[in-house]
Amino acid sequence: MNIQLKRTFSLIEIILGLCAMAFALYLDFTGSESSYRGILLVAGLILAVAGLFILPVKKHRAIVNILFLLPVLLTFFFTVLNPFIQGIFLSMTDWNGIKFTKFTGIENYITMFRSGDYIYSFLITFLFTILNMISVNITAFVLALLCTSKVRGKNFYRASFFLPNLIGGIVLGYVWQFIFNKVFTAAIAGSQSMLTDPNLALLAILIVSTWQYAGYIMMIYVTGLQGVPRDIMEASNVDGANWWVTLRKIKIPMIANTFTVCLFLTLVNSFKQFDLNFAITNGAPSRILQGKAILSTEFMALNIYKTAIAKNEYALGQTKAVVFFIVLAVVSLTQVSINKKKEVEL
Amino acid sequence: MKKQKINLRFAELIGILLSVVVLLPFVLVLFNSSKKSADIVISPIMPPRHMGQLFTNLSNVIHNQNFSYWKSFSSSFIITVVSLALLSLFSGMAAWVLVRNKKTWSNIIFMLFVAAMVIPFQVVMLPLLSTFRNLSVFTGIQFLNSYTGIIFAYLGFGGSMSIFILHGFIKGIPYELEEAAWIDGCSPEGTFFRIIFPLLKPVQMTVLILNGIWIWNDYLLPSLMLGLNGRIKTLPIAVSSFVGSYVKQWDLILTAALLAMIPIIILFIFAQRQIIQGMVEGAIK
């Protein structure tokens with residue numbers, strides 16, 4: 001096709017596309033509920049973009065750049081950026097999920113910090129995060145040492161330790177609810193289910209979380225341990241260092257950055273824990289605190305979800321979410337910077 | 001030497017024990033979905049007396065109105081596959097543009113994507129719903145309770161990490177390759193689709209696996225956007241609403257859980273190495 005024809009063709013395409021979009025918008029503003037306007041809008045957009053794409057101009061490269069970035073930027077804007085900025089604003093209003101009537105400033109934040117259940121779930125999330133970081137990382141590291149030693153069948157161990165991590169938290173949560181409520185109580189005759197005692201219920205979630213996540217973290221430690229140069233290991237062997245000394249003086253310092261990665265991942269993962277929490281206990285059982293019943297295992301993510309979806313307090317839920325974000329950002333950045341410093345010292 | 005050998009045997013014993021402990025829940029699911037409800041109450045630990053009950057339970061659950069396995073399986077499948085295909089294509093395109101234009105704007109956009117990885121889903125989930133509701137009203141396209149909307153959302157949420165991973169990889173591809181193509185008369189889009197995109201194969205594997213596991217197992221986003229009793233149900237939603245309607249009917253619930261686990265376990269058996277490698281590489285980068 002010659003250039004002139006191509007140009008005319010693409011220009012017609014662009015104009016048609018723009019017209020289609022304009023007509024769709026016109027339908028929208030006149031309040032038409034016709035379901036065709038969506039199709040018209042998208043078709044117009046595609047037509048205009050396609051026309052722009054084949055338009056023979058010097059700036060073709062720039063057009064390609066824009067068109068290549070457009071899909072991700074568009075979806076990113078509507079799903080992350082816009083809701084995020086909106087969310088911060090909405091946390092300072094009396095929003096009910098659909099519209100808000102007045103700007104309330106920091107009132108929601110005050111209400112939130114006064115409510116006992118939020119403070120409690122804040123603290124319990126921290127407690128869980130710390131315990132989970134410790135238990136997941138120790139388990140994972142021990143498993144990784146096992147899987148990088150000379151034992152037979154280590155590929156099988158690796159695969160089986162890794163498997164739980166692939167199944168979703170919701171499904172696993174229900175399975176473990178069954179195990180805690182039926183299997184464990186049957187195995188130890190006459191015992192109560194762990195999920196009925198506030199402290200044991202937290203332990204139960206911790207067990208499942210470690211069971212699920214340790215295999216994943218283990219694989220990262222395995223990768224780190226395999227990266228330790230063989231000649232250094234051999235040298236330490238020749239020098240007569242035993243297993244324990246090699247581990248402490250060589251392996252652990254050599255994989256300091258693996259520790260940073262793993263600690264960061266477990267920190268963020270435990271802090272955001274929702275699925276297991278939702279499926280295993282859904283916050284139960286309650287605990288009496290200062291004369292009030294408070295759900296004992298309701299982590300922050302679940303607390304936010306329940307405040308908004310179950311109790312229909314959207315503005316308050318959003319406020320809690322904003323604070324959740326700030327805390328998560330501060331804690332994870334602090335953790336990374338502390339670990340980075342440690343790496344340098346070593 | 002002898003002592004070392006004993007230690008090794010000891011370690012093997014621990015390995016076997018641990019993998020038994022780790023795999024036990026899966027075995028228990030299989031055992032108990034092969035029992036009648038009454039048998040579970042009597043002994044939830046013992047193997048079932050006859051495996052035949054498994055098939056009865058399976059067919060009960062598969063054909064159950066509240067679970068509708070094939071429908072929710074295919075919904076999950078469609079959502080995951082379409083999201084993954086679009087994610088790998090669009091993120092690849094965007095990452096390539098961002099790498100090859102060393103300008104301020106490309107840095108800003110890239111930093112924006114990286115920074116967004118810190119944002120937990122809870123912060124955006126509520127305004128997301130209202131944004132999508134407004135978008136539906138404005139464009140006339142159904143964004144809530146539809147495939148369009150949820151795939152759109154997965155593109156938005158998955159884009160950050162995918163671009164981050166792909167960006168790192170594309171930086172390592174020599175620019176001379178593109179220059180050569182350009183001299184031979186290849187257009188910019190041709191350069192990307194014919195030269196760069198095929199080269200991304202190993203790293204796209206990581207992107208696909210990380211996003212695939214996440215999208216397939218995700219509960220919160222579909223539960224908000226599709227609703228618990230909506231037209232479209234993903235597998236986790238189906239399991240959850242099934243549990244809600246058959247409280248403590250453990251034989252049925254565990255069979256449903258088994259059905260939800262099977263596809264991924266089969267996949268894992270066939271693509272073990274790729275899956276493990278993909279997920280670990282994604283975490284380290």
Side-chain angles (χ1 to χ4, degrees), chain A residues 28 35 37-38 41 61 64-65 68-69 71-72 75-76 78-80 82-84 86-87 90 98 146 149-152 157 159-164 166-168 170-171 174-175 178-179 182-183 186-187 211 219-220 223 261 265 272 274-275 301 304 308 314 317-318 321-322 324-325 328-329, chain B residues 8 11-12 14-15 19 22-23 25 28-29 40 43-45 90-91 93-94 96-97 101 116 118-120 122-124 126-128 130-131 135 138-141 152-153 155-157 159 163 188-189 213 217 219-220 236 239-240 243 250 253-254 257 260-261 264 268 272 276 279-280 283-284:
Chain A
D28 198 60
S35 54
R37 67 205 157 95
L41 190 74
R61 174 102 210 188
V64 168
N65 280 351
F68 272 27
L69 279 175
V72 263
T75 51
F76 180 74
F78 283 116
T79 49
V80 183
N82 177 52
F84 179 68
Q86 227 180 41
L90 287 171
I98 295 167
L146 180 74
S149 66
K150 288 182 191 130
V151 294
R152 281 176 299 185
Y157 304 148
S160 52
F161 297 149
F162 191 78
L163 182 64
L166 295 172
I167 315 285
I170 289 290
V171 175
Y174 293 129
V175 169
F178 169 76
I179 295 175
K182 294 285 164 200
V183 178
W211 173 79
M219 288 308 305
I220 302 173
T223 316
V261 171
L265 282 175
K272 290 203 279 196
F274 176 84
D275 288 8
I304 293 166
Y314 274 78
Q318 185 56 38
V322 171
F324 180 59
F325 161 69
L328 178 63
Chain B
L8 215 57
E12 265 163 27
I14 291 177
S19 40
V22 172
L23 295 178
L28 283 171
V29 171
I40 296 182
S43 81
I45 306 168
F90 290 156
S91 319
M93 291 176 357
W96 175 68
V97 171
N101 291 284
V118 198
I119 299 176
Q122 276 77 13
V123 189
V124 291
L126 303 173
L128 178 75
S130 71
T131 305
L135 269 178
F138 187 66
T139 59
I141 302 166
F152 189 89
L155 289 183
F157 287 117
I163 287 179
E189 67 273 15
I213 298 289
N217 289 325
Y219 174 77
L220 197 47
V239 171
S240 161
V243 173
W250 286 114
I253 294 174
L254 289 175
M261 288 174 179
I264 247 181
F268 184 57
Q272 244 184 70
I276 292 181
M279 287 186 70
V280 172
I284 295 170

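A, B, ... follow the sequence lines: proteins, then strands. Residue 1 opens every chain. Computed from a prediction, not measured in an experiment: that's the story for all the values here. Keep in mind that the numbers below use all heavy atoms, side chains included, and drop hydrogens, waters and symmetry copies.
A distance of 9.5 Å separates CD1 in B:Ile276 from CE in B:Met279, rounded to the nearest 0.5 Å. The CZ atom of B:Phe157 sits 5.0 Å away from atom OG1 of A:Thr79, with the distance rounded to the nearest 0.5 Å.
Considering only heavy atoms from C-beta on, A:Phe161 stays 4.5 Å or farther from A:Met219 through its side chain. Looking at A:Gln318 and B:Val123, their side chains come closer than 4.5 Å, going by heavy atoms from C-beta outward.
Looking at B:Ala260, only its side chain comes within 4.5 Å of chain A, counting heavy atoms on both sides. If you measure heavy-atom distances from A:Ile98 to chain B, the contacts under 4.5 Å come from both the backbone and the side chain. Only the side chain of B:Val29 comes within contact range of chain A, with at least one heavy atom under 4.5 Å from a heavy atom of that chain. Heavy atoms of A:Leu166 lying under 4.5 Å from chain B belong to its backbone as well as its side chain. In this structure, the portion of B:Gln272 lying under 4.5 Å from any heavy atom of chain A is its side chain and not its backbone. Both the backbone and the side chain of A:Asn65 come within contact range of chain B, with heavy atoms under 4.5 Å apart. For a residue to count as touching a neighbouring chain, one of its non-hydrogen atoms must lie under 4.5 Å from one of that chain's; by this rule B:Ile45 touches chain A with the side chain only. Contact annotation for A:Ile167: both backbone and side-chain heavy atoms come within less than 4.5 Å of a heavy atom of chain B. Within the 4.5 angstrom heavy-atom criterion, only side-chain atoms of A:Leu265, from C-beta onward, approach chain B. With a 4.5 angstrom heavy-atom cutoff, A:Phe274 touches chain B only via side-chain atoms.
The minimum heavy-atom distance linking B:Ser19 with A:Ser160 is given by the pair CB-OG, 3.3 Å. Heavy atoms only, all atoms of each residue included: B:Gly15 and A:Leu146 are closest at CA-CD2, 3.6 Å. The shortest non-hydrogen separation linking B:Ile163 to B:Ala94 is CD1-CB, 4.0 Å.
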Exercise. What's the verdict on side chain to side chain contact (heavy atoms under 4.5 Å, CB included) for A:Val151 and B:Leu8, showing C-alpha distance, side-chain angles and the deciding distance?
Worked result: CA-CA 6 Å; A:Val151 294; B:Leu8 215 57; 4.2 Å; yes
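The aromatic rings of A:Phe68 and B:Trp96 sit tilted, their planes meeting at an angle between 30° and 60°. Aromatic ring orientation, B:Phe268 versus A:Phe162: parallel (interplanar angle below 30°, classes split at 30° and 60°).
With chain A as partner, the option from B:Pro120, B:Ser43, B:Ser91 having the largest number of non-hydrogen pairs under 4.5 angstrom is B:Pro120. Annotation: maximal heavy-atom pairing with chain A below 4.5 Å, among B:Ala116, B:Pro25, B:Gly159, occurs at B:Pro25. When the candidates A:Phe84, A:Phe324, A:Tyr157 are compared by the number of heavy-atom contacts under 4.5 Å with chain B, A:Tyr157 comes out ahead. Chosen from B:Ile264, B:Val243, B:Ile141, B:Leu23, the residue pairing most often with chain A at heavy-atom distances under 4.5 Å is B:Val243. The most heavy-atom pairs under 4.5 Å with chain A, out of B:Leu28, B:Ile253, B:Thr131, come from B:Thr131. When the candidates B:Thr139, B:Leu126, B:Val124 are compared by the number of heavy-atom contacts under 4.5 Å with chain A, B:Leu126 comes out ahead. Ranked by heavy-atom pairs shorter than 4.5 Å toward chain B, the options A:Leu41, A:Val175, A:Leu90, A:Asn82 are led by A:Val175. Between chain B and the options A:Ala186, A:Ala187, A:Ala159, the largest number of non-hydrogen pairs under 4.5 Å is found for A:Ala159. The choice from B:Val239, B:Leu254, B:Val118, B:Ile213 that makes the most heavy-atom pairs within less than 4.5 Å of chain A is B:Leu254.
In terms of modelled atom types and a separation under 3.5 Å, the side chain of B:Glu12 and the main chain of A:Arg152 share a donor-acceptor contact. No side-chain donor-acceptor contact under 3.5 Å links B:Ser240 to the backbone of B:Pro236.
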